[in-house]
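Reminder, nothing fancy here: chain letters follow the sequence lines and each chain counts from 1.
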Amino acid sequence: MPVMEYIEAIRTAMKEEMERDDSVFVLGEDVGLKGGVFGTTKGLQQQFGEYRALDTPLAESAIAGVAIGAAMVGLKPIAEMQYSDFMFPATNQIISEAAKIRYRSNNDWSCPVVIRAPIGGGVFGGLYHSQCPESVFFGTPGLKIVAPATAYDAKGLLISAIRDPDPVIYFENKKCYRFVSDEVPEGDYAVPIGKANVMREGRDITVIGYSLPLHFAMQAAEELSQEEGIEAHILDLRTIQPLDREAILEATAKTGKVLIVHEDNKTGGVGAEVSAIIAEELLYELDAPIRRLCGPDVPAMPINPPGEKHYMLNKDKLKAAMLELARY
Amino acid sequence: MPVMEYIEAIRTAMKEEMERDDSVFVLGEDVGLKGGVFGTTKGLQQQFGEYRALDTPLAESAIAGVAIGAAMVGLKPIAEMQYSDFMFPATNQIISEAAKIRYRSNNDWSCPVVIRAPIGGGVFGGLYHSQCPESVFFGTPGLKIVAPATAYDAKGLLISAIRDPDPVIYFENKKCYRFVSDEVPEGDYAVPIGKANVMREGRDITVIGYSLPLHFAMQAAEELSQEEGIEAHILDLRTIQPLDREAILEATAKTGKVLIVHEDNKTGGVGAEVSAIIAEELLYELDAPIRRLCGPDVPAMPINPPGEKHYMLNKDKLKAAMLELARY
Amino acid sequence: MTRKGSVQQQTRHALLGLSDEDVVQMYETMMLARRYDERGQLLQRAGKVNFHISGITQEPSQVAMAFAMDREKDYFLPYYRDYGFVLAVGMTVKELMLSLFAKGEDPNSAGRQMPGHFGHKRLRIVTGSSPVTTQVPHAVGIALAAKMRGDRSVSLVSFGEGSSNQGDFHEGCNFAGVHKLPVIFVCQNNGYAISVPMSKQTAGRISDRAIGYGFPGVRVDGNDPLEVYRVFKEAHTRALNGEGPTLVEVMTYRVTPHSTSDNDLAYRTKEEVEEHKAKDAVPAFRAYLTEHGLWSDEREQELQSRLREIIDEATTYAERAPFQPVEDAFRYVYAESSAQREGR
Amino acid sequence: MTRKGSVQQQTRHALLGLSDEDVVQMYETMMLARRYDERGQLLQRAGKVNFHISGITQEPSQVAMAFAMDREKDYFLPYYRDYGFVLAVGMTVKELMLSLFAKGEDPNSAGRQMPGHFGHKRLRIVTGSSPVTTQVPHAVGIALAAKMRGDRSVSLVSFGEGSSNQGDFHEGCNFAGVHKLPVIFVCQNNGYAISVPMSKQTAGRISDRAIGYGFPGVRVDGNDPLEVYRVFKEAHTRALNGEGPTLVEVMTYRVTPHSTSDNDLAYRTKEEVEEHKAKDAVPAFRAYLTEHGLWSDEREQELQSRLREIIDEATTYAERAPFQPVEDAFRYVYAESSAQREGR
Ligand SMILES: Cc1ncc(C[n+]2csc(CCOP(=O)(O)OP(=O)(O)O)c2C)c(N)n1
Ligand SMILES: Cc1ncc(C[n+]2csc(CCOP(=O)(O)OP(=O)(O)O)c2C)c(N)n1
Ligand SMILES: [Mg+2]
Ligand SMILES: [Mg+2]
């Protein structure tokens, strides 16, 4: 299997789905001629023409709203939000419309739209090019939300999102674009929405998370294994809505010690729900309090390098938290 | 002390603060001449003139954004969202702007705005006049969020919100408007933001929540006390951001059995964070899994009466859950 | 109804390409909407339903615009006062009543949504919500789909003048302008957004906004249904010819309170309302038909009793119909897999 | 610079009420902004800073509009290319450099935000964010405050033409129109929103949108700073007279890539860029001054060496300045109580 960058996996998924199905198209700011500010849609306009890789006016509510309209009549739009920080103008279209179309029409209408939005920091983007907005949309019934950490999942989940009959928010991680490469099958395969994945087997502590910080956890786990003989069990949620409850409970039961990680700030994040599920279902299997290691509860990360570094999760922070939990 | 309806307490707080401080004003759809679609601002335009109870165009992002601008230069605007269901067009102004103004300017600028929004169902409002959007804004650093359950707190928290130097979302409950009446002091008093309140002392189980469902919990608690001798300890969070961690932990420690209630849907709600705090800090004091009784994970409640009733929390649902927990 | 054709042998409607049957049908549809709406008000006052929102005096223009559309191909995104419109494109009174009573058989939402929240896939009436103006970008997306597929289909979206102050109006219109999409934006300007009069909503003319988007904006008297028809027919032709969108501002007036929850005399006078009631286009349209020998007192009587029957029957049916079973209240959050469906 | 005053004894700038010192100062400020901006590009290329966003060729109009404002009373909501503007209203190059290097002493944000995200309370430069157009309703709110308090203060807000397609543009303009608020909306139309050319952004003229809001919209050549000054002076006077807002569309061109992260040759040609570079107003304005005996090669030399010194000094200072201590990185999420402050 060829090794591929995460960003390339995203592009490939779009390209192949667009080849397979005429009704798939991508729209957003700069996605056409320029091929996206990160290059994610590079080549698509050249291959599929102006409309199937459509440069839109700078107006996120319209990007989402137009995509929703097109989806309601049978197209399969992929609406790109240039940065997830800039998807808030589209909140009403996403929460009031996309999420409720099937329910409010009692299954008469549906809205198979994909909304792609790059999340995360560590790219010297400052307050408004680094945010993780998952918790704003998380918990909205009617939406599905995925957040791949690997190139394999990036392609497989995007294929699933495009084919899904309901609206899917696809949170891709900017830092992963070129930092993460792994084996990606050629051609058609799908990673099912709603299924978590065990990234690493272990018996001592369980780490549950999604997106970029899992790579820090994996690095920390290797070091802890070699240095301390501590074996971490690592679960990649992959889909954050709906959460894979069985997988969460299984991974918890495996070690009885859970650390939840995400870059989105701690309070009200996805981690709170994961913790609450465990506290509700598996309290007596726990050998330690449920820990969360997340972004700090400040509006966003500063752009100055020490401030950014201070804000971001990294291998060392993960390692310290994992070690502490293991020793609990 | 006079007994007052919850809605009257809200109106009184605005009126008295507007009398006390010229810079306080209210703006929103129909808040002026009509006095609000619920009558919350009745009489204010007559008393304070057109501008201090200002009828705005139908445009929530502008209502929030104009209020933010005015707040940045020293006014104290109260921006009314007619229904909380209709505040989503203002999400970007609230999350990207109000919440981040102090932080991004390193304390040079600030944004003392209050955003009032009626939440909750049980009023035959259907999908879009019944929602609880707390979880969308909850967890956004830089925002404070209050959600009073009593007339006393409705007035006292609104006064605090108006005087607060930072943005405060004030979630008032539509069903409470006339369903809830209690003693409200005349004149000036403030209920501090960030402080929960023990509504009922008990030794058997702890109920933690906010807004309307607490009244069902209180009714259920009385019945359980008389019928089963079960004494529930009931904590009204009142402020949902920042959460009163000490009060949560104290109330938990009191009984070791916790039920969290809110009308907002369960997944990703405020209750998840409350549960996660407990699971992180007080795991070994628990005598039962942490339960949550919340709105179902569906887009919103239907308007047809059986459907609405089926959706809503009520005394009986609370009682059953409390009894089950007590017997655990 | 004021101007007469200068060519004496042709009626005004014939000049517009409308047959005698068409205008009679238009009249009957206006009257059907009117009677349905009045019944809705009565039912609410009688405590049979919780809520009704009225489109009275807006129906003549709604019906006229529907008649200018291709009712086999176009997509419709009406707003909550559009009874005249949805009836004209194929919704039945029974279906409206089922929605008013919030019953399970209601095709709009199975009694989940408020009345006036239309949706009917077979009729290409696109499901709508309460937050105003969100449907504007949807209509643009549907028009984009038509353009991409080469379908000869137009989308028509309507909204109030208050709602035209939302950002989604701007973003949707501008997007459609860029790509010359086949969409008609209809602002039904009835003078109020609940209690807020035009003068506090905008300092401009809604139709003038089209200038900034590079397509035509037309203001038309909503009490002149034939002129409304003409304007929409033209807009429809432009759309089909690839000439792009049109913004139509239909000047009308809301003679009822905003909804059954509103007391409008808190913010306007009875006189103002009466003045506008006098301009009602329904009797004027009847007079036009009569003048051209297309209508008579007998036909009117027949129509009224026929409508009463239809509405009575629909009311009885809807009142007796069951609510959606509560076991189904939480269905269709997502598509159901066949496994899920079988499990029920 | 093309037209000459018909009254030969009065210069064009004198006719506008600008003194000789004013125009000289305008020129010096344009040049300062230009040199600062060029240095920013250099520093980024040299790897000294991560990111720079340029306003080159937009400075002449930015400076002109600032000179038409009351720099003691007005509120300013610039956008990220407004170096010429913020320098003209009192920000120093040192402050800009501190922001470029993201250092703790930066008054805009203590090095938290990207460069080009201005904010300076003492100068009434209102803190801005990255999501475009959010500042438009803020400017309206500030103008509303001025009206409510009876302050003779105007707010000026600028944004790109791409950004004018956001809903907040529409909602803000419309609100200001209703209440005839003292606000000036400035669209700096530089032809591109990153890679998207005007033709894919809108089919209309931005200035025409004002018609729909009931206030004047003016299009002005950004390469003619004196005409820009005239237009803004007029808008300012209207605002102070209670006549309401003005929308000004300044026609300019972005000669640099969108930012240092962009490769503009992926979507436009070198020729197109060169064509516009040739229209640069800075040398033209110098020629105008020279023509009127207000400038000379010596003064130019003196200016250039003075600017180099200022910029060198600021660069050195900013480069050496400390970052905000990481212990302070999480401060000011909320107002700090005195207790909190003492605890530190
Ligand atoms: C986003 C949003 N804000 C507020 C409301 C509440 N609301 C319902 S109708 C209405 C007035 C609409 O006025 P207009 O657009 O003129 O339509 P009309 O009712 O006059 O036909 C308002 C404020 C809403 N439905 N959606
Ligand atoms: C809401 C939002 N969406 C997207 C972006 C990313 N972005 C930054 S600048 C820009 C283009 C702005 O174009 P224009 O308004 O014409 O200003 P210019 O850069 O040309 O001066 C875009 C898309 C953003 N900052 N905010
Ligand atoms: Mg109206
Ligand atoms: Mg531009």
Side-chain angles (χ1 to χ4, degrees), chain B residues 22-23 25 27 49-52 54-75 77 79 89-90 92-113 140-144 164-168 193-194 241-242, chain D residues 75 77 104 106-113 117 119-122 124-131 133-149 151 153 155 157 166-168 170-179 181 183 324 328 330-337:
Chain B
D22 272 359
S23 61
F25 73 109
L27 73 168
E50 185 193 337
Y51 277 87
R52 291 187 63 205
L54 185 65
D55 281 321
T56 64
L58 175 39
E60 283 76 8
S61 187
I63 295 169
V66 166
I68 288 167
M72 284 201 278
V73 297
L75 294 188
N92 192 38
Q93 283 290 345
I94 296 170
I95 293 185
S96 299
E97 300 299 318
K100 297 182 174 60
I101 281 170
R102 186 184 296 279
Y103 183 81
R104 77 183 182 217
S105 68
N106 198 49
N107 211 30
D108 194 26
W109 290 89
S110 64
C111 182
V113 70
T140 301
L143 296 180
K144 298 182 181 179
D164 199 275
D166 287 304
V168 181
I193 294 178
Q241 181 152 325
Chain D
Y75 279 88
L77 297 93
D106 157 33
N108 297 282
S109 75
R112 292 174 171 195
Q113 292 222 72
H117 287 54
H120 201 310
K121 196 159 187 183
R122 187 174 49 76
R124 281 155 285 97
I125 298 173
V126 180
T127 175
S129 63
S130 309
T133 331
T134 51
Q135 72 272 28
V136 171
H138 302 172
V140 177
I142 293 170
L144 175 67
K147 178 162 182 164
M148 286 174 69
R149 289 162 159 165
D151 289 349
S153 162
S155 61
V157 57
Q166 289 278 346
D168 271 358
H170 175 64
E171 297 192 9
C173 287
N174 186 62
F175 193 114
V178 172
H179 296 286
L181 298 180
V183 51
Q324 180 168 52
D328 290 346
F330 301 158
R331 289 182 71 179
Y332 309 128
V333 178
Y334 300 100
E336 294 186 358
S337 65

For chain B, find which of G141(D), A139(D), S109(D) contributes the most heavy-atom pairs closer than 4.5 angstrom. G141(D)
Determine the option with the most heavy-atom pairs under 4.5 angstrom with chain B, choosing from G167(D), G128(D), G172(D). G128(D)
Considering only heavy atoms from C-beta outward, does the side chain of Y75(D) approach that of M72(B) to under 4.5 Å? no
Does any part of the side chain of I68(B), heavy atoms only, come nearer than 4.5 Å to the side chain of T134(D), both counted from C-beta? no
Whether the E336(D) and N107(B) side chains hold a donor-acceptor pair (N or O, under 3.5 Å, no angle test) is what I'd like checked. no
Using non-hydrogen atoms and a 4.5 Å limit, figure out which bit of N92(B) sits close to chain D: side chain, backbone, both or neither. side chain
Separation between CD (E60(B)) and CD (E171(D)), nearest 0.5 Å, reads 7.5 Å
What are the two closest heavy atoms between P107(D) and D108(B), and how far apart are they? O-OD2, 4.2 Å
From the list S61(B), P57(B), P77(B), the residue making the most non-hydrogen contacts under 4.5 Å with chain D is S61(B)
Working note: L54(B) + L144(D), criterion side-chain contact (heavy atoms from CB on, under 4.5 Å); need CA distance, chi angles, decisive distance, verdict. CA-CA 11 Å; L54(B) 185 65; L144(D) 175 67; 4.0 Å; yes
Side chains of S129(D) and S96(B): does their closest heavy-atom pair fall under 4.5 Å? no
Chain D contact via K100(B) - side chain, backbone, both or neither, heavy atoms under 4.5 Å: neither
Measuring only between side-chain heavy atoms, which start at C-beta, is M148(D) closer than 4.5 Å to R52(B)? yes
Is there a donor-acceptor contact under 3.5 Å from the side chain of Y334(D) to the main chain of G142(B)? yes
Apply the test side-chain contact (heavy atoms from CB on, under 4.5 Å) to residues R104(B) and H117(D): give CA-CA distance (whole Å), side-chain angles for both, the deciding distance (0.1 Å), then the verdict. CA-CA 9 Å; R104(B) 77 183 182 217; H117(D) 287 54; over 6 Å; no
What residue, out of P141(B), G69(B), A70(B), has the most heavy-atom pairs lying under 4.5 Å from chain D? G69(B)
Quick one: which of P167(B), S110(B), P112(B), S105(B) has the most heavy-atom pairs under 4.5 Å with chain D, could you say? S105(B)
Considering only heavy atoms, which portion of L143(B) lies under 4.5 Å from any heavy atom of chain D: side chain, backbone, both, or neither? backbone
Which region of P165(B), side chain (C-beta onward) or backbone (N, CA, C, O), has a non-hydrogen atom less than 4.5 Å from a non-hydrogen atom of chain D, or is it both or neither? side chain
Using a cut-off of under 4.5 Å on heavy-atom pairs, state which of D106(D), I125(D), V178(D) scores highest against chain B. I125(D)
Residues Q93(B) and P137(D): closest non-hydrogen pair is NE2-CG, 3.6 Å
For chain B, find which of Q135(D), Q113(D), K121(D) contributes the most heavy-atom pairs closer than 4.5 angstrom. K121(D)
Chain B shares the most heavy-atom pairs under 4.5 Å, among H179(D), R122(D), Q324(D), with H179(D)
Once rounded to the nearest 0.5 Å, what's the spacing between atom CZ of F175(D) and atom CG of L27(B)? 5.5 Å
Side chain from CB out, backbone as N, CA, C, O: work out which of these in V333(D) comes under 4.5 Å of a heavy atom of chain B, or both, or neither. both
Flag, side chain of N106(B) to backbone of Y332(D), donor-acceptor distance under 3.5 Å: no
If every non-hydrogen atom of A335(D) is compared with every non-hydrogen atom of D166(B), which pair is closest and at what distance? N-OD2, 2.7 Å
Residue selection (most heavy-atom pairs with chain B, distance under 4.5 Å) from N174(D), L77(D), I142(D): I142(D)
Could you tell me which of A71(B), G49(B), A62(B), P242(B) has the largest number of non-hydrogen atom pairs under 4.5 Å with chain D? A62(B)
If I measure from the heavy atoms of chain B, does D168(D) come under 4.5 Å with its side chain, its backbone, both, or neither? side chain
Which atoms of V126(D) come close to chain B, meaning under 4.5 Å heavy atom to heavy atom: side chain ones, backbone ones, both, or neither? both
So which residue, A99(B), A59(B), A64(B), ends up with the most heavy-atom pairs under 4.5 Å with chain D? A59(B)
